[in-house]
Amino acid sequence: MQEKQSKLLKWIALATTIGMLLILLGGALVTKTESGLGCGRNWPDCNGSLIPKEITKEVLIEFSHRFVTGSVSILVLALVIGTWRKLGHIREVKFLGVLAIFFLVAQALIGAAQVLWGQGDFILALHFGISLISFASILLLAMIVFEVDTKFDADKVFVGKKLKWHTIGVSLYSYIVVYTGALVRHTQSSLVCTDWPLCNNENPFALPNNLYEWVQMGHRFAVLLIFIWVTYIMIHAIKQYKNQRVIYWGWIVAFLILLAQMTTGMLIILTKLNLLVSLLHSLFISCLFGLLCYMILLVSRSNYNEKK
């Protein structure tokens with residue numbers, strides 16, 4: 001009986017994690033296709049009815065996003081309750097559960113507010129970041145359910161003071177990178193600079209001419225800084241943490257994901273906003289943020305291990 005419950009919880013954890021990823025990508029799809037008002041100024045109904053009567057591309061995208069969000073919310077609740085009951089003795093479980101529910105509700109309310117009353121671009125840019133925190137919380141819960149810590153000996157992990165500060169710092173900074181990227185989308189600044197890596201490669205020292213160019217180049221500069229930072233941390237981890245594979249491989253994977261995210265960012269410009277490339281860009285930053293949050297969890301485990 002206990003084994004069946006454990007398998008069920010793993011299936012719920014897997015489905016919820018995939019579902020949260022679909023919410024993130026669905027939100028990005030809504031923004032990129034400008035389908036935010038596909039259901040008009042109506043929420044939670046769509047154009048005055050619970051099930052839309054007239055189907056257009058915009059209606060289909062917006063309504064599907066709402067449907068997935070509602071369905072996954074039930075899975076989130078089931079996962080949180082299940083982990084609290086079965087794994088409540090693990091000290092991070094309850095905190096992650098509260099975090100997941102709080103930010104899932106917060107992102108839904110911001111989405112509803114945008115539909116009903118409209119929001120400024122700088123407020124809307126928070127939407128993706130808030131969803132990202134909920135996704136990361138669910139991802140960490142799923143990793144606990146699948147006993148990833150045990151498989152990688154994370155209960156014996158030791159993180160030095162230098163790496164601790166870098167881990168926390170780059171994780172917090174990654175949120176700024178996420179926000180600037182979302183701001184590029186919401187201010188429609190994606191193609192204001194048609195060259196890469198500079199806004200105008202023929203005039204490399206020219207300053208941005210307007211707000212949109214500042215937004216675009218500000219995001220590129222933020223990405224450059226996090227690339228340098230993660231590269232430095234990876235080299236440090238490779239040199240100093242060969243005997244701790246969860247740290248060693250964790251930062252190598254983080255570097256590779258960041259590299260993929262930067263590549264898709266470049267291709268967004270070169271392909272003139274290809275939808276698949278844009279969605280992959282959102283996928284990679286979501287995975288990177290989730291991994292960085294796990295590295296923070298390892299820092300917390302290390303502090304606990306030191307006290308013991």
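Computed from a predicted structure; not experimentally measured. Counting from 1, the numbers follow the sequence of the chain as shown.
- Looking at T56, its side chain does come within 3.5 Å of a backbone N or O of V59 through a donor-acceptor pair.
- In F221, the CZ atom is not crowded: 12 or fewer heavy atoms of neighbouring residues, nucleotides or ligands sit closer than 6.0 Å.
- The backbone N or O of L191 lies less than 3.5 Å from no partner atom in the side chain of Q216, so there is not a single donor-acceptor pair.
- Side-chain N or O atoms of S134 include none that pairs as donor or acceptor with a backbone N or O of S131 at under 3.5 Å.
- Residues C193 and R220 have side chains in contact (heavy-atom distance under 4.5 Å, counting atoms from C-beta outward).
- Between V223 and T180, every side-chain heavy-atom pair lies at or beyond the 4.5 Å cut-off.
- Here the two rings, on H166 and Y232, have centers that are under 6.0 Å apart.
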side-chain contact (heavy atoms from CB on, under 4.5 Å) between H186 and F128, intermediate numbers included: CA-CA 11 Å; H186 286 289; F128 184 77; 5.8 Å; no
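- For an aromatic pair to be called close, the ring centres must be under 6.0 Å apart, and F103 with F135 fails this.
- With hydrogens and angles disregarded, no donor-acceptor distance shorter than 3.5 Å links the side chain of N200 to the backbone of A206.
- By the 4.5 Å heavy-atom criterion applied to side chains, L288 and S174 are not counted as neighbours.
- Side-chain atoms of D195 come within 3.5 Å of backbone atoms of N201 as a donor-acceptor pair (strictly under, hydrogens ignored).
- The shortest side-chain heavy-atom distance between M295 and I247 falls under the 4.5 Å cut-off.
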Working for side-chain contact (heavy atoms from CB on, under 4.5 Å), residues R301 and E92: CA-CA 10 Å; R301 292 277 168 85; E92 298 93 356; 2.9 Å; yes
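- A heavy-atom distance below 4.5 Å is found between the side chains of I133 and Y175.
- By the 6.0 Å contact criterion, OH on Y173 is enclosed, its count of non-hydrogen atoms from other residues, nucleotides or ligands being greater than 12.
- With no hydrogens or angles considered, no side-chain donor-acceptor pair links S278 and R185 at under 3.5 Å.
- Side chain of S302 to main chain of L298: no donor-acceptor pair is present (N/O by atom type, distance under 3.5 Å, no hydrogens or angles).
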Worked verdict on L283 versus Q261 for side-chain contact (heavy atoms from CB on, under 4.5 Å): CA-CA 8 Å; L283 173 64; Q261 195 262 345; over 6 Å; no
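- The neighbour count for N243 CG, taken as heavy atoms of other residues, nucleotides or ligands under 6.0 Å away, does not exceed 12.
- Put simply, the side chain of E213 gets close to the backbone of N209: a donor and an acceptor are under 3.5 Å apart.
- Contact check for I101 versus L77: side-chain heavy atoms found under the 4.5 Å cut-off.
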